[in-house]
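Some notes on the structure that comes next.
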Amino acid sequence: MSEPTPNDVQRELIESTEGPYLVDAGPGTGKTFAVTRRYGRIVDRPDVEPEDVLLATFTRSAATEMKERIVDHSGYGLRELADAPIRTFHSHCHEILQEHGYAAPTHLGLDERITGSTRILEDELIEAERFREFFGGFRDDHPEHADFYRALSAPGEVLDLIEELASKGIFPTTDGWYRDGESHLDGDFEAFQERFDAANQPRNDGRKQSELREDLSGFGRDKAYRADAPSKSTLRGGRGTKRLDDDVARQVFYEERDGLKAFVHDVYVEYLRFALRRNYLSFSFLQLFAFVLLCEDERAREAATFEYVIVDEFQDTSEVQFKLALLLSGTENFCVVGDWKQSIYSFQYADVDNILEFEARLERFAADLNADADRVPFDSPDPTRIELRENYRSTESVIDLSERAIVTPASSGDTVGTGLDDVVALSSNAAFDNTVVEGIRHEDEHEAVLSKVQEIVGNDDYAVEGEDGEPRPPEYGDIAVFTRTRDYGRELLDVAAEYDFPVAYDGGVELFRTDPAKLLLAWLRILESDADRGWAVVLERAGYAFDEIDHALETGTYPTEPTEFRDELRELESVGAVARRVLDRYGYAGDVADVLLHTLQSVHDSTTATRGELIRHIERGVETGSTVDVRATAGDDAVTVQTIHTAKGLEYPIVVMANMNEGRFPPRSGGSSVIGYRDPVGLRQRKIYSEEGAHPHVYDNWRHDVIRRCLPREYDEERRLLYVAVTRAESHVVFAAGEDPNTFLEELPVAVEEIEPDVEPLDRGEPGDAELPFAVTAPDGPIGHSPHSLMDESVFEEAGERREAGPDHESEPETRGMDFGSRVHDFAEAYALGDDETPSNDHERRIVELLDGLSGEKHVEEPVTLPIDVDGRRVTVSGIVDLVHVTADRVEVIDYKTDATRRAQSEYKKQLSVYYHVLDEWFPEKAVETSLFYTSDGTREPIEPHSIEELRALVRSAEAESD
DNA sequence: TAAGACCGCATTTTT
DNA sequence: TGCGGTCTTA
């Protein structure tokens, strides 16, 4: 498409180069066009050189695109702009540190230096490993923080916190906190109280309790608090009470936090030191040191400032990036461009308030930075606001739909903070508007999507705009299917492959968790040692039943055909050749297979890895779920499948928004994080330790449980995600759901039609899955003979159904169709891939038997019941065994929870007594030991189990309680 | 209207 | 583990 002439608003943006600007640039409004023209206009002036203008972007690809577009429309060539500061924040920070950063750490009191050899650590897995290593040493050196180690389940939680603090501009110094960092850690009581009061208003004219009180109806459920916590009824007041006492706000906010702050401070500053000594910087530390340097070193700042600063995709910037941008501005010529409705990277610390509260933040940040020195030129900034309103991408109907989407509640009870008033209305200038917006629904959602696509292709009802501006019937390549999750995308690809359907995946793939990778791993294991775990997978895949495989593994006699294939593989010299043969055998072709081959080949080439090392590499990849980028091959007429995040910035004539099913992202929360930071409440600890007693124990923090319920629920980002998806569409939007459409789909003005999927298989002449018809005699005859594989759920569904229908299933009451099937499946797959698992039913025990014996620790979730005679009556204690350690002659249950103790987990003695008896029952032939296991530091302490008499007493009292 | 029991479900990805 | 939603009971 040729570049249009700018409209009036674009012209204003292009020509108004002096002073601060906030540009609201909605989707399809020609933002890149205007920004690159603006840049060109600035640098084309005789007194301005490219090095006077910073154009900061969020991603490398955006930077590259900007550069290319500028080259097209300015007097500068690509070569002249090669070193121009058109880059990401991170690479610019790197640049600054390279040039002036040598002594940057000294401003925090650190003696270490940043040198030319300091590396940027890009791989987050490697960083996590380094941090674990660091944290281990830190624990040894700092016993004074022992109380906090006990509250952590993984060091990664601390690293997350450090990165979050860094993204906010909260840094440590060797003897305290940088600038006003500490005040942020303390939080702001007034701000908190406001939220508390808002959540604590009775509703329905005082007839209904406040939201906060209602939320706290689960107070203490599945929790163990210390004795000083108020009881649920004390906290909430008796029945009929409508709100919490005002004093609760104060009670929960003010809490001893010095120890916590000291702990976080020490880890933070020591990790900075560790990284510098190891000569590396993480992405967040890059920004941290650049910020400190620009703040403290006037000469460096003067050298680093620009006459013009333009920030693209401003809605994706973090707080510290906003401040960095200010420090880099030598003048007030500061222009930010973005669209708050497309801010979907909060997990990346993007802070949507940077753009929503731009004016206020600009003033506040500038004032903060100028508090003790004259650092930034913004005196009383009065930014001009420019709104790009003309949409060049979509029809009016699509724009209308997107504007509905941004104000649609994400769930029942979700209140939308923003109204349509906050949305800059866009107008379309599409040539025609024949937009179809529809919803389809069928249980087999993948098939439904594919048949819909088939219906659309070549159909004039879904005509799209051709090159000449005239309508033409759509092709596969015009259609994109968006999903929230990679998993869904992968499932869709699998189904599409069955029909030979032209689809291409675009984005990150958990490469080593794909079927081709699993099969390749199996064959490598076979080549290495004829490993049972390899053969089991291969034979499963080839269609053998458990008994047949059992027989083969026991006797070590494998079917002829795969044995020959193995020998054939042995002849091959390179791992790459092996991989290619294996993938060929199963008919794997296409993007994923290509990337797998490429990845493995490059590992092998670069490190001359042995086969064993390659196996470990894949195993590690499976464990960590590391992803590799797969790009859709351009030029193919194929449907693009991608996550919404990947699709940002792209456009397609037709968008299918898939997986509009019940179940949303949980609102952003600390997850399993124990120590967290939230703006109004500062640094908080979610778990606390008991300080007294022989058995230090970690409890939940009741204060935190109240506080978190006062904070607003964050569904906004989901709405924005939907907005991004819809606004990718030029002409048509199709929503697709499986069983239950979600609230979004229900609330939008979209008719959802129940359709009958009917995908017509295409034959594009590519190899399909190879059938391998060979048989082996099994001793007891096959359980079943349907083709199945460890990767194929349907087999286990069948197995489950058969079992349910069969005569001998009474012994396993929890056996239920799909549920059962997927459990066996998960088990078999996990086991085959090397996870430790303990069988919980006959099927699983069989799998283990046939996949060879296993010793060591196993996670199980086995419900157990222990019948005991109490006062002549037979009662049952029930619970869940969680973690077992088995060796040849000894067995030990490490973690057991009774149903009662699931609610109050401190009742160690009761637990131990119960599992002591359970173990005897389970493993009559092995010596049974009991031990106490603290997750925090891995130590085990023996405890005397209760006698059966004491146990009876416990049961009696438990019964009395429940009466 | 409130409280309790129970069930099902647990991300996205860039530097 | 930990929560939100829904269904059941008070």
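A note on names: the letters A, B, ... follow the listed sequences, proteins ahead of strands, and every chain is numbered from 1.
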Distance in angstrom units between A/Arg490 CZ and B/dT12 P, rounded: 12 Å
Euclidean distance, atom CD of residue A/Glu717 to atom P of B/dT13 [Å, nearest integer]: 13 Å
A/Thr643 side-chain proximity, nearest of B/dT11, B/dT13, C/dG2: B/dT13
Rounded distance (Å) that lies between atom P of B/dT15 and atom NE2 of A/His94: 15 Å
5' priority, DNA chain B, between A/His90 and A/Ser210 [closest heavy atom]: A/Ser210
From B/dT11, B/dT13, B/dT1, nucleotide with atom closest to A/Tyr345 side chain: B/dT13
Nearest-Å distance for atom pair CZ/P, residues A/Arg484 and B/dC9: 13 Å
Pair A/Phe285 + A/Tyr280: ring centers closer than 6.0 Å: no
Between B/dT15 (P) and A/Phe347 (CZ): distance, integer Å: 11 Å
Residue closer to the 5' end of DNA chain B, A/Ile344 versus A/Arg203 (nearest nucleotide): A/Arg203
Measure all distances between protein nitrogen or oxygen atoms and nitrogen or oxygen atoms of nucleotides 3-6 of chain B, and list the pairs falling under 3.5 Å.
{"residue": "B/dA3", "atom": "OP2", "partner": "A/Arg236", "partner atom": "NH2", "Å": "2.9"}
{"residue": "B/dG4", "atom": "OP2", "partner": "A/Lys232", "partner atom": "NZ", "Å": "2.7"}
{"residue": "B/dC6", "atom": "N4", "partner": "A/Arg221", "partner atom": "NH1", "Å": "3.2"}

Side-chain H-bond candidate by donor/acceptor type, A/Asn354 with A/Thr317, under 3.5 Å: yes
Nucleotide B/dT14, atom C1' - distance to CD of A/Gln287 in whole Å: 11 Å
Touch class at under 4.0 angstrom, heavy-atom based, for A/Lys648 against every strand present: nothing
Of the listed nucleotides B/dT13, B/dT15, C/dC3, the one nearest the side chain of A/Arg708: C/dC3
Separation of atom CZ in A/Arg686 from atom C1' in C/dG2, rounded to whole Å: 7 Å
Parallel, tilted or perpendicular: rings of A/His645 and A/Tyr345 (30°, 60°): perpendicular
Sugar-phosphate, base or nothing in reach of A/Phe89, heavy atoms under 4.0 Å: nothing
Euclidean distance for C1', C/dG2 against B/dT13 (whole angstrom): 25 Å
Any A/Thr646 side-chain N or O less than 4.0 Å from OP1/OP2 of B/dT13: yes
Pairing of A/Lys648 and A/Asp316 as salt bridge, 4.0 angstrom limit: yes
A/Lys242, nearest nucleotide to its side chain (from C/dG2, B/dA2, B/dT13): B/dA2
Closest to side chain of A/Lys208, choosing from B/dT1, B/dT13, C/dG2: B/dT1
Nearest to side-chain heavy atoms of A/Lys223, which nucleotide of B/dT13, C/dG2, C/dG4: C/dG2
Salt-bridge contact A/Glu313-A/Lys31 (side-chain N to carboxylate O under 4.0 Å): yes
Pair A/Lys168 + A/Glu164, salt bridge at N-O below 4.0 Å: no
Whether A/Tyr488 and A/His446 hold their rings parallel, tilted or perpendicular, with breakpoints at 30° and 60°: tilted
Closest nucleotide among B/dT13, C/dG2, B/dT15 to the A/Lys687 side chain: C/dG2
Protein-nucleotide distance (A/Glu211, atom CD; B/dA2, atom P), rounded to Å: 13 Å
Cationic N near anionic O, under 4.0 Å, A/Asp700 to A/Arg686: no
